[in-house]
A.B. asks: 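First, the structure itself, so that you have it in front of you.
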Amino acid sequence: MTGPAEAGSAGARTAVVIAARDEEVLIGATVRAAAGLPGADLVVVVDDGSRDRTAAVAGAAGARVLRHGANRGKGAAMETGAEGVRRVECAERGSGARHLLFLDADLGTSAARAAPLVEPVCSGAADMTIALLPATRQRLGGRGAVVSLAREGIRSATGWEPEQPLSGQRCLTRAAFEAARPLAAGFGAETGMTVDLLRAGLAVVEVEVPLEHRPTGTGPRAQLHRARQLADVARALAERELGPALVRRGRRLREDLRGAAVVAVRRAATRRGRAARRGR
């Protein structure tokens, strides 16, 4: 942990904010599990341009649903969710600001185990907590290009080296969230947020939490996702003036991932073509 935490706020309420796109299969279970967390009295789902029934399923599960007509990216969805919470609080008149717990839409029932993220924030031990999933405790080193870039960028900017810099499961005070605004675009939101809060002298701590994600996979879609993620992280770091060498490295990694994605798409097309010929 680094930096001074705010005064403790035991008993403070928590709003859960979930950015979701095309998550109709898991969003209902995620919302119901999150709603049962201690102190969580509000769940806001931001449907970021879904093409399926994500919004309807989330609403039926009890969430307040906000919608983007077109996909605007994770950072924008997180800001929309926080603004939705603020509007609820304004309507309540004098209820006080809730802490914000950001969770990914694909956690399903495992979201019920996110309480350890909230406890250090409520007690004043941290201004922001970041989840360490047990399966990812092993250091990725150079084997994860995007993780490696984000980790190195955060260390270069702040002197602190996180184990899981891209983790989307994090809880923070409202003051800490405001200190991080405007969030970096897209998948660079978490990296930018960590840099900004540490530079502001706030306390950030990683907490091991037994949450479970849907596996990303290794196919063409997964490769394209990683390429977009890397581009967003590289942009977030560049915007924070972390030096030309790091920016050039991010560009090289982005080009490498894009090349890998193109190769994966071509191989998939070749396999489909062979299968079609065999079927004749």
A.B. asks: For Ala126 versus Val205, what's the shortest heavy-atom pair and its separation?
C.D. replies: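 Looking at all heavy atoms of both residues, the closest pair is CB-CG1, 3.4 Å.
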
A.B. asks: Does Arg64 form a side-chain contact (heavy atoms from CB on, under 4.5 Å) with Val45? I'd like the steps, not just the answer.
C.D. replies: CA-CA 6 Å; Arg64 289 177 181 257; Val45 170; over 6 Å; no

A.B. asks: Answer yes or no: is there an ion pair linking Glu163 with Arg151, defined by an N-O contact shorter than 4.0 Å?
C.D. replies: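 Salt bridge between Glu163 and Arg151, a charged N being under 4.0 Å from a carboxylate O: no.
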
A.B. asks: Is Glu92 salt-bridged to Arg13, cutoff N-O under 4.0 Å?
C.D. replies: yes

A.B. asks: Would you say Val85 and Leu42 make side-chain contact, with heavy atoms under 4.5 Å?
C.D. replies: yes

A.B. asks: Got a donor-acceptor contact below 3.5 angstrom from the Glu89 side chain to the Arg98 backbone?
C.D. replies: yes

A.B. asks: Do you know the tightest heavy-atom contact between His99 and Ala12?
C.D. replies: NE2-CB, 3.5 Å

A.B. asks: Can you find a pair of side-chain heavy atoms, one from Leu166 and one from Val146, that are under 4.5 Å apart?
C.D. replies: yes

A.B. asks: Out of Asp47, Asp48, Asp52, which residue meets the side chain to side chain contact (heavy atoms under 4.5 Å, CB included) rule with Asp22?
C.D. replies: Asp52

A.B. asks: Looking at every non-hydrogen atom in both residues, tell me the closest pair between Ala105 and Ile27 and how far apart they are.
C.D. replies: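 Smallest interatomic distance, heavy atoms only, reads CB-CD1, 3.8 Å.
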
A.B. asks: Is a donor on one side and an acceptor on the other found under 3.5 Å between the side chain of Gln164 and the backbone of Ile130?
C.D. replies: no

A.B. asks: Just checking, is any N or O donor in the side chain of Arg240 or Thr191 under 3.5 Å from an acceptor N or O on the other one?
C.D. replies: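 Result is no, nothing qualifies.
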
A.B. asks: For Arg113, I'd like to know if atom CZ has over 12 heavy atoms of other residues, nucleotides or ligands within 6.0 Å.
C.D. replies: yes

A.B. asks: So does Glu23 get a backbone contact from the side chain of Thr54, meaning a donor-acceptor N/O pair under 3.5 Å?
C.D. replies: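 Such a contact is found between Thr54 side chain and Glu23 backbone.
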
A.B. asks: For Ala40, is there any backbone N or O sitting under 3.5 Å from a side-chain donor or acceptor partner on Thr14?
C.D. replies: no

A.B. asks: Any donor-acceptor pair under 3.5 Å linking the side chain of Asp104 with the backbone of Asp106?
C.D. replies: no

A.B. asks: Roughly how far, to the nearest 0.5 Å, is CE of Met78 from CZ of Phe177?
C.D. replies: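 Those atoms lie 6.5 Å apart.
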
A.B. asks: With a 4.5 Å limit on heavy-atom distance, are the side chains of Val31 and Ile18 in contact?
C.D. replies: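 Answer yes - side chains close enough.
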
A.B. asks: Applying side-chain contact (heavy atoms from CB on, under 4.5 Å) to Arg21 and Asn71, what does each step give before you reach the verdict?
C.D. replies: CA-CA 8 Å; Arg21 187 183 187 215; Asn71 178 246; 3.4 Å; yes

A.B. asks: Are any non-hydrogen side-chain atoms of Leu172 and Thr129 less than 4.5 angstrom apart?
C.D. replies: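 No, their side chains stay 4.5 Å or more apart.
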
A.B. asks: Ignoring hydrogens and angles, tell me if any N or O in the side chain of Ser167 forms a donor-acceptor pair with the backbone of Ala131 under 3.5 Å.
C.D. replies: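 Answer holds: yes.
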
A.B. asks: Is the side chain of Thr158 donor-acceptor paired with the backbone N or O of Arg155 at a distance under 3.5 Å, no angle test?
C.D. replies: no

A.B. asks: Any chain of hydrophobic side-chain contacts (each under 4.5 Å) joining Val57 to Leu26?
C.D. replies: no

A.B. asks: Ignoring hydrogens and angles, tell me if any N or O in the side chain of Glu24 forms a donor-acceptor pair with the backbone of Arg53 under 3.5 Å.
C.D. replies: yes

A.B. asks: Check the pair Glu83, Arg86 against salt bridge (charged side-chain N to carboxylate O under 4.0 Å, His left out), reporting the backbone distance first and the verdict last.
C.D. replies: CA-CA 5 Å; Glu83 175 60 18; Arg86 188 191 68 79; 2.6 Å; yes

A.B. asks: For Ser50 and Arg67: C-alpha separation, side-chain torsions, deciding distance, then whether side chain to side chain donor-acceptor pair (under 3.5 Å) applies.
C.D. replies: CA-CA 9 Å; Ser50 292; Arg67 301 191 70 173; over 6 Å; no

A.B. asks: Apply the test side-chain contact (heavy atoms from CB on, under 4.5 Å) to residues Leu149 and Leu237: give CA-CA distance (whole Å), side-chain angles for both, the deciding distance (0.1 Å), then the verdict.
C.D. replies: CA-CA 9 Å; Leu149 178 66; Leu237 294 174; 4.0 Å; yes

A.B. asks: Say whether Val65 and Val25 are linked into one hydrophobic cluster, either directly or through other cluster members, by side-chain heavy-atom distances under 4.5 angstrom.
C.D. replies: no

A.B. asks: How long is the straight-line distance from CG of Leu202 back to CG of Asp127, given to the nearest 0.5 Å?
C.D. replies: 4.5 Å

A.B. asks: Any non-hydrogen side-chain atom of Leu107 less than 4.5 Å from a side-chain atom of His213?
C.D. replies: yes

A.B. asks: Using a 4.5 Å cut-off on heavy atoms from C-beta on, say whether the side chain of Leu37 contacts that of Leu101.
C.D. replies: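 They are in side-chain contact.
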
A.B. asks: What heavy-atom pair brings Ala111 and Ala33 nearest, and what distance separates the two atoms?
C.D. replies: CB-CB, 3.9 Å

A.B. asks: For a quick test of your reading: what N or O donor-acceptor pairs under 3.5 Å do the side chains of residues 178-189 make, sequence neighbours left out?
C.D. replies:
{"residue": "Glu178", "atom": "OE1", "partner": "Arg181", "partner atom": "NH1", "Å": "3.3"}
{"residue": "Arg181", "atom": "NE", "partner": "Glu79", "partner atom": "OE1", "Å": "2.7"}
{"residue": "Arg181", "atom": "NH2", "partner": "Glu79", "partner atom": "OE1", "Å": "3.2"}

A.B. asks: Please give me the minimum heavy-atom distance between Ala97 and Arg174, naming the atom from each residue.
C.D. replies: CB-CB, 4.0 Å

A.B. asks: Working to the nearest 0.5 Å, report the span between CD1 of Ile154 and CD of Glu190.
C.D. replies: 10.0 Å

A.B. asks: Would Val44 and Val16 count as a side-chain contact (heavy atoms from CB on, under 4.5 Å) if you check the C-alpha gap in whole Å, the side-chain angles of each, and the deciding distance to 0.1 Å?
C.D. replies: CA-CA 6 Å; Val44 175; Val16 181; over 6 Å; no

A.B. asks: Where do Arg170 and Leu117 come nearest, in terms of heavy atoms and distance?
C.D. replies: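 Arg170 and Leu117 have their closest heavy atoms at N-CD1, 4.2 Å.
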
A.B. asks: Taking C-beta and beyond as the side chain, do Thr194 and Pro165 meet within less than 4.5 Å on heavy atoms?
C.D. replies: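 Thr194 does not reach Pro165 side chain to side chain.
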
A.B. asks: In plain terms, say whether Asp232 and Arg235 are close enough for a salt bridge, that is, a side-chain N and a carboxylate O under 4.0 Å apart.
C.D. replies: yes

A.B. asks: Going by heavy atoms in the side chains, are Thr80 and Arg72 under 4.5 Å from each other?
C.D. replies: yes

